S.K.: 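Below: one structure in structure tokens.
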Amino acid sequence: MKEILFIRNNIEKWRAMEDMIDNVKFEMPDQLADAYTELTADLAFAQTHYPRSRITIYLNNLASALHNEIYRNKREKWSRMVTFWTQEVPDVMWKERKLLLLSFIIFMVSVLIGVVSTLGDESFPRLILGDGYMDMTLENMAKGNPMGVYGNEEEGSMFLGITLNNIMVSFNVFVSGVLTSFMSGFLLFRNGIMVGCFDTFFYQHGLLGESLLATMLHGTLELSAIIVSGAAGLAIGNGWLFPGTYSRLVSFQRGAKRGMKIVVGTIPIFIMAGFIEGFITRHTELNDFIRLSIILASLAFVVYYFIYLPYKRNYHLNNENRKTKG
């Protein structure tokens, strides 16, 4: 490769790394490490093909500066635990915001399909939810306790079982991205159809309001976390399918790293959803205002953490970059 072409292909990336060094306090350790890996690869290429060029000297100085900043700003383990939840997860959510939107669209379309299918065929819920669950629910309705399924187990064991199951579901959606993003999309699709089918079944029995107030107590957090996990699965799948300028392996590794951060970020949400489902959802006698307040508070948290906070941090970082350049 001619030197001028090498420079032209990479100059914007190197300028971005200069900005990264100037604003290192706002950068995440993984981002710095990835940048340093790319930069040293470019430096090695330049040293091999243009050993006496000024670009080689430039890259060497840039790599040294980035190396010094990485080790000067190395965080302690306890601090990393804080910044992971408050900075790293929101930052990666901002980068993958388009995949989050796509995951949401897939899920909502599948919910709609579940609604339409159930309205068109009353036997459809048995195909999706199973005869055992349907017969139990009809029996609970006959007893005047349609949400009785949530009170069948001891609270602590129910909380633990539901939480572990939900975390496994999220990891399955994420890991399925190894089989391309289409597999993650399919799992999202399947979960959405189940939700649409479930709610429409209760609507047909005049119990939609009670169903939503009960299930969305925990479902607001639970379903939101599944959608977010879907974005993680799409990230790893797209890294495999659409490598861009990277090798397919490197692109896959980068997608897997971003996806893993996202899915780990959902674990506390699944824990809280499991707690609500195990200890609160069963109490259908709770005042509707209290239940609606919990639902709205959960929704506000999801919107804040996965949408507003990533936007706010990106806006803040862009302003800091403009001030630095100015």
Side-chain angles (χ1 to χ4, degrees), residues 85 89-90 93 97 99-112 114-115 129 137 146-147 149-151 155 158-174 187-203 207-233 262-311:
W85 303 107
V89 173
M93 289 308 307
R97 61 192 182 278
L99 294 183
L100 179 62
L101 176 60
L102 177 59
S103 180
F104 175 77
I105 291 173
I106 292 172
F107 185 82
M108 293 309 298
V109 168
S110 62
V111 169
L112 181 60
V115 170
L129 301 174
T137 302
M147 296 292 111
V149 64
Y150 294 107
E155 293 174 337
M158 187 175 181
F159 158 63
L160 182 61
I162 288 171
T163 300
L164 292 177
N165 177 72
N166 288 339
I167 290 174
M168 286 304 301
V169 168
S170 71
F171 271 91
N172 285 339
V173 174
F174 165 62
L187 293 179
L188 276 171
F189 187 80
R190 187 176 69 178
N191 278 278
I193 286 182
M194 291 175 65
V195 171
C197 180
F198 178 89
D199 287 334
T200 306
F201 169 73
F202 277 90
Y203 164 76
L207 295 167
L208 179 61
E210 176 60 28
S211 169
L212 290 177
L213 281 174
T215 60
M216 295 309 289
L217 272 175
H218 58 273
T220 302
L221 294 175
E222 183 180 301
L223 296 179
S224 297
I226 289 176
I227 292 171
V228 172
S229 299
I262 293 173
V263 79
V264 170
T266 65
I267 291 178
I269 298 175
F270 279 122
I271 293 174
M272 180 56 66
F275 176 85
I276 294 173
E277 187 170 357
F279 291 93
I280 301 178
T281 300
R282 64 178 62 226
H283 296 291
T284 55
E285 74 280 1
L286 279 176
N287 182 277
D288 289 349
F289 176 78
I290 295 176
R291 294 197 286 179
L292 184 60
S293 297
I294 294 174
I295 292 171
L296 293 177
S298 298
L299 180 61
F301 169 77
V302 169
V303 171
Y304 173 80
Y305 188 70
F306 290 109
I307 298 176
Y308 177 72
L309 182 58
Y311 167 79

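Keep in mind that the numbers below use all heavy atoms, side chains included, and drop hydrogens, waters and symmetry copies. What you see is a predicted model; the values in this text were computed from it and never measured.
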S.K.: Looking at Ala231 and Ser103, what are the two nearest heavy atoms and their distance?
M.R.: N-OG, 3.6 Å
S.K.: Quick check: do Leu223 and Phe107 have side-chain heavy atoms less than 4.5 Å from each other?
M.R.: yes
S.K.: Which pair of heavy atoms, one from Leu213 and one from Leu217, lies closest together, and at what distance?
M.R.: O-CG, 3.3 Å
S.K.: Please lay out, stage by stage, how Phe174 and Val228 fare under the test side-chain contact (heavy atoms from CB on, under 4.5 Å).
M.R.: CA-CA 10 Å; Phe174 165 62; Val228 172; over 6 Å; no
S.K.: What pair of heavy atoms forms the shortest contact from Met93 to Leu100, and how long is it?
M.R.: CE-CD2, 3.7 Å
S.K.: Report the distance from atom CD1 of Ile167 to atom OG1 of Thr266, rounding to the nearest 0.5 Å.
M.R.: 7.5 Å
S.K.: side-chain contact (heavy atoms from CB on, under 4.5 Å), that's the test. Do Thr281 and Thr215 meet it? Break it down for me.
M.R.: CA-CA 7 Å; Thr281 300; Thr215 60; over 6 Å; no
S.K.: State the CG-CZ distance between Leu212 and Phe198, to the nearest 0.5 angstrom.
M.R.: 9.0 Å
S.K.: Apply side-chain contact (heavy atoms from CB on, under 4.5 Å) to the pair Phe301 and Thr220, showing each step before the final yes or no.
M.R.: CA-CA 10 Å; Phe301 169 77; Thr220 302; over 6 Å; no
S.K.: To check you understand the geometry: which heavy-atom pair defines the closest contact between Ser211 and Asp199, and what is its length?
M.R.: OG-OD1, 3.6 Å
S.K.: For the residue pair Tyr311 and Tyr308, does the interplanar ring angle fall in the parallel (under 30°), tilted (30 to 60°) or perpendicular (over 60°) class?
M.R.: tilted
S.K.: Any idea which heavy atoms bring Phe270 and Ser170 closest together, and the distance?
M.R.: CE1-CB, 3.3 Å
S.K.: Mind checking the CD1-OG spacing from Ile105 to Ser110? Nearest 0.5 Å is all I need.
M.R.: 12.0 Å
S.K.: Quick check on side-chain contact (heavy atoms from CB on, under 4.5 Å): which of Val263, Leu187, Leu188 does Ser229 satisfy it with?
M.R.: Val263
S.K.: What is the distance from atom CE of Met272 to atom CZ of Phe159, rounded to the nearest 0.5 Å?
M.R.: 8.5 Å
S.K.: If you apply the rule side-chain contact (heavy atoms from CB on, under 4.5 Å), what do you find for Val115 with Tyr203, and how did you get there?
M.R.: CA-CA 10 Å; Val115 170; Tyr203 164 76; over 6 Å; no
S.K.: How many angstroms lie between atom CZ of Arg291 and atom OG1 of Thr284, to the nearest 0.5 angstrom?
M.R.: 6.5 Å
S.K.: How long is the span from the CD1 atom in Ile276 to the CD1 atom in Ile294, to the nearest 0.5 Å?
M.R.: 6.5 Å
S.K.: Can you see which heavy atom on Leu221 is nearest to which on Ala273, and at what distance?
M.R.: CB-CB, 3.9 Å
S.K.: Taking atom CZ of Phe171 as the centre, does the number of heavy atoms from other residues, nucleotides or ligands within less than 6.0 Å exceed 12?
M.R.: yes
S.K.: Taking side-chain contact (heavy atoms from CB on, under 4.5 Å) as the criterion, tell me which of Ile162, Thr163, Leu164 meets it with Asn166.
M.R.: Ile162
S.K.: Can you check whether Val303 reaches Leu299 side chain to side chain, under 4.5 Å on heavy atoms?
M.R.: yes
